[in-house]
Amino acid sequence: MTTPSVQRSGPASSRTTAPAGAAVPAPSGPDPRLTSAVMADYRGCFGCGEEAAGGLRLRRTGVDDGAVTAEFDVRAELQGAPGLAHGGVLATAMDEVLGTAAWLLGKRYVTGRLETDYLAPVPVGSTVHLRAWCTGVDGRKAYLEGEGRVGGPDGPVAVRAAALFVEVPEEHFTRERVKHGHSTKERAN
Ligand SMILES: CCCCCCCCCC(=O)SCCNC(=O)CCNC(=O)[C@H](O)C(C)(C)COP(=O)(O)OP(=O)(O)OC[C@H]1O[C@@H](n2cnc3c(N)ncnc32)[C@H](O)[C@@H]1OP(=O)(O)O
């Protein structure tokens, strides 16, 4: 499958569009930073954590043709309108897969801006198949785009997203926890 480009009826926000000439690095592929030590720290993550009882429990499935792939099941507790996935849940799923694609660039990134287009309702009971890819890196800023399909990896696109991620130092993840007295262990429990 070729990596699709995001198409909207209107122009993408300039804040999530890579500047002309920005380098477009490929994800590094299955990476040890996304296994063992790092992922152990993410057990409580609302997007992907196994121990986040009410979370999405998104599963990362690999890297395909320059895009990170993942999927999650729309359980009944993730609905908004009766029988349909909540829009915030879909935005969270996009944030998670876009963030994964950003981390596979080899540095630590957080979401600075996330834009989401909802193209079709997503029924409870369906599996959303997600893809995310980098469109450019400019200094600390990484530009990512992604999509979610329903009915299979080649099914119709139900949600699209574009985001700006900003590279941060390791201290970004520790200073607020220290300030508020939370340890990683407490977060996971
Ligand atoms: C295994 C791992 C997988 C992980 C997956 C995780 C997925 C989930 C990811 C998340 O949800 S992360 C959590 C949500 N995000 C945050 O909590 C971030 C909160 N915001 C911040 O900490 C700071 O605002 C931020 C680090 C984003 C930026 O602050 P800084 O002081 O470090 O940088 P600065 O404000 O100077 O911005 C750097 C550049 O980014 C630009 N920028 C930052 N935020 C922007 C924004 N919102 N829109 C447009 N541009 C923005 C900013 O203009 C500037 O551009 P220039 O270098 O060209 O001047």
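In each ligand, atom 1 is the first atom listed, and ligand 1 is the first ligand listed.
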Please report whether ligand 1 has a polar contact with [X], defined as an N or O pair separated by less than 3.5 Å (distance criterion only).
| X | result |
| --- | --- |
| D95 | yes |
| Y42 | no |
| W103 | no |
| V168 | no |

Proximal ligand 1 atoms for G112, defined as those under 4.0 Å from one of its heavy atoms: 46 (C), 47 (N)
Per-atom contacts of ligand 1 with H172, taking only distances under 4.0 Å to non-hydrogen atoms: 22 (O)
Test item: F72 and T92 side chains (from C-beta on) under 4.5 Å apart, heavy atoms: no
No-hydrogen, no-angle side-chain donor-acceptor test under 3.5 Å, T111 and D95: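 A pair is found: one side chain offers a donor N or O, the other an acceptor, under 3.5 Å apart.
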Which pairs would a plain distance check flag for residues 74-81, meaning a side-chain donor or acceptor within less than 3.5 Å of a matching protein atom at least two apart in sequence or in another chain?
residue	atom	partner	partner atom	Å
R75	NE	E77	OE2	2.9
R75	NH1	G55	O	3.0
R75	NH2	G55	O	2.8
R75	NH2	E77	OE2	3.3
Q79	OE1	G83	N	2.6
Q79	NE2	A76	O	3.0

Candidate with minimal heavy-atom separation from atom 9 (C) of ligand 1, of T111, V166, V110: T111
Closest candidate by heavy atom, reference atom 55 (O) of ligand 1, pool E167, K141, M94: K141
M94 to G146 - nearest heavy-atom pair and separation: CE-C, 3.4 Å
Region of L164 that comes within reach of ligand 1 [heavy atoms, distance under 4.0 Å]: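 Just the side chain.
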Side chain, backbone, both or neither: R60 near ligand 1, heavy atoms under 4.0 Å: side chain
Donor-acceptor contact present, side-chain Y118 to main-chain G87, <3.5 Å: yes
The single option from L56, V128, V122 passing side-chain contact (heavy atoms from CB on, under 4.5 Å) against V89: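 Going through L56, V128, V122 one by one, the side-chain contact (heavy atoms from CB on, under 4.5 Å) with V89 is satisfied by L56 alone.
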Any residue meeting side-chain hydrogen bond (donor to acceptor under 3.5 Å, both in side chains) with R140, in chain and number order, not counting sequence neighbours: none
